Amino acid sequence: MHTYQKPLDLVRERSPERPVAFARPDAVAVAARWFQDKFEGDVFYAVKANPSPWVIETLAKNGVMAFDVASIPEIELVAAHAPGARMAFMHPVKSRKAIAQAYFDFGVKTFALDTHEELQKILEATKGARDLTLMVRLAVVAEGASYSLSGKFGVDLHEAPALLLAARAATEGKMGVSFHVGSQCMRPTAYQAAMAQASRAIVRAGVMVDIVDVGGGFPSIYPGMVPPDMVDYVDSIQRGFADMMVHEETELWCEPGRALVAEASSILTKVELRKGEALYLNDGSYGSLFDAAHVKWPFPVKLYRGEGDAAHEVEGPLKPFRFYGPTCDSLDHMPGPFWLPEDIREGDYVEIGMLGAYGVAMNTRFNGFGDAETAVVHDAPMASMFGLAGRTIRVPRESQEDERKVVRLSRPKGRAGKSRRKR
Ligand SMILES: *Cc1c(COP(=O)(O)O)cnc(C)c1O
């Protein structure tokens with residue numbers, strides 16, 4: 001991968017014909033260190049948010065050595081790019097073959113389930129293994145998420161006690177509960193509320209759990225969607241954990257996807273045509289802009305114009321535009337609005353920010369498009385949850401470095417990889 005200080009340097013060097021995805025390992029490093037420093041438990045990265053090898057490697061280099069995986073290809077990816085990492089197979093529905101391969105070939109011992117049938121499958125596929133860590137996925141009622149993740153998975157709370165008892169009896173290893181409050185959760189208290197529901201199920205079952213896994217859902221910043229400070233989320237989780245009916249040694253886990261990687265990628269696209277307020281770009285809903293099209297998610301944008309040394313960022317008076325992607329499908333439409341200089345024209349480049357989570361990773365080859373190259377850049381993301389003041393939009397490069405220094409200095413020694421116990 002080529003490295004540039006900032007995207008404009010690439011535009012100056014060669015006006016790219018195809019979209020370019022920018023990788024910002026610095027942003028992943030800052031987020032990884034923030035979570036380890038502030039979250040009082042074990043941090044598992046949810047690989048599906050962005051399975052790029054550079055993401056896995058950067059996380060591992062910055063101390064995140066636990067991964068939430070959902071398939072054998074994800075397990076192989078983590079094994080290849082973070083050798084020795086811990087993995088938890090958190091998909092509640094797995095094939096027998098995938099369970100056996102995970103357990104026998106990759107040493108994965110943690111499996112999620114939300115039915116008695118899946119529990120039976122796990123026990124049979126591991127040939128009656130007694131050292132499993134079994135995680136019962138609960139369907140919690142959570143408010144404040146922009147994407148619900150409870151519709152498809154999770155055992156209903158009134159059916160949970162029987163499943164908790166069955167899982168407890170099935171292993172001599174650990175047993176825990178997990179849930180997902182929904183992605184891009186805008187309300188910190190959703191975690192505390194979910195933990196109270198989990199606690200009631202545990203009490204009704206009359207079992208002890210060894211692990212409470214609060215899942216993902218930690219938000220990032222998008223235009224018009226500025227969440228509370230990330231510290232409020234870990235505080236809510238701490239309060240929720242303190243109120244739960246669990247024992248002294250119960251571990252706390254989380255599985256952030258979006259929050260660790262959203263800031264870390266953007267995509268550089270070219271304007272192929274302007275029709276009024278519609279811009280036809282060379283990337284779209286079958287490329288990195290799945291959420292922009294299907295959930296009508298807004299993303300921040302920047303405009304670059306010109307070639308060679310004359311290339312520059314254009315700021316000028318802004319107006320709202322909508323985007324069309326390059327494929328012939330009419331679904332390939334991103335309503336935005338995307339605020340760009342009003343004189344934007346064919347040949348200009350639009351950098352679309354905050355596409356590190358569920359963005360650059362969603363790329364397909366439909367209609368012959370989607371073949372984006374990746375370049376590394378060291379500028380700041382367009383927005384950040386991890387700036388010096390807890391959160392600043394457009395973190396300057398210097399403050400990002402300061403942030404890293406502060407985080408490194410304030411990290412107590414010897415805590416990495418160990419669960420913080422309940423106090
Ligand atoms: C998708 C997913 C995550 C990550 O969710 P984010 O909202 O991206 O943090 C975590 N855990 C499970 C089980 C998931 O399916």
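Keep in mind that what you see is a predicted model, and the values were worked out from it rather than measured. Order of listing sets the numbers, starting from 1, for every ligand and every atom in it.
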Option of least heavy-atom distance to atom 8 (O) of ligand 1 (set: Tyr358, Phe179, Phe218):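 Considering heavy atoms of Tyr358, Phe179, Phe218, the nearest to atom 8 (O) of ligand 1 sits in Tyr358.
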For atom 14 (C) of ligand 1, which of the options His91, Lys48, Arg258 provides the nearest non-hydrogen atom?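 Heavy atom nearest to atom 14 (C) of ligand 1 belongs to Lys48.
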Heavy atoms of other groups near His2 NE2, more than 12 under 6.0 Å: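 Not buried by this count: 12 neighbours or fewer within 6.0 Å.
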Under 4.0 Å to a heavy atom of [X] - the qualifying atoms of ligand 1, by number:
X: Asp68; value: 10 (C), 11 (N), 12 (C), 13 (C)
X: Ser183; value: 6 (P), 7 (O), 8 (O)
X: His180; value: 2 (C), 3 (C), 4 (C), 5 (O), 6 (P), 7 (O), 10 (C), 11 (N), 12 (C), 14 (C)
X: Ala46; value: 3 (C), 4 (C), 10 (C)

Side-chain donor-acceptor pairs under 3.5 Å in residues 210-228, sequence neighbours left out?
from: Asp210; atom 1: OD1; to: His247; atom 2: NE2; distance (Å): 3.1
from: Asp210; atom 1: OD2; to: Arg168; atom 2: NH1; distance (Å): 3.2
from: Asp210; atom 1: OD2; to: Arg168; atom 2: NH2; distance (Å): 3.1
from: Asp210; atom 1: OD2; to: Met175; atom 2: N; distance (Å): 2.9
from: Asp213; atom 1: OD1; to: Gly215; atom 2: N; distance (Å): 2.8
from: Tyr222; atom 1: OH; to: Arg258; atom 2: NH1; distance (Å): 2.9

Would you indicate whether the side-chain heavy atoms of Phe67 and Ile75 approach each other to under 4.5 Å?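 Ile75 does not reach Phe67 side chain to side chain.
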Side-chain touch Ile352/Leu289, heavy atoms, less than 4.5 angstrom: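 Yes - at least one pair of side-chain heavy atoms lies under 4.5 Å apart.
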Report yes if [X] has an N/O atom closer than 3.5 Å to an N/O atom of ligand 1; otherwise report no.
X: Gly217; value: yes
X: Gly257; value: yes
X: Arg137; value: no
X: Glu255; value: yes

Side chains of Trp253 and Glu255 only: does a donor on one sit below 3.5 Å from an acceptor on the other?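 Not at all, the side chains of Trp253 and Glu255 share no donor-acceptor pair under 3.5 Å.
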What residues, two or more places apart in sequence or in another chain, satisfy side chain to side chain donor-acceptor pair (under 3.5 Å) together with Lys319?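 Lys319 satisfies side chain to side chain donor-acceptor pair (under 3.5 Å) with Glu277 once adjacent residues are dropped.
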Are Glu118 and Lys94 ion-paired here, with the side-chain N under 4.0 Å from a carboxylate O?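 Looking at Lys94 together with Glu118, the answer is yes, because their closest N to O distance falls below 4.0 Å.
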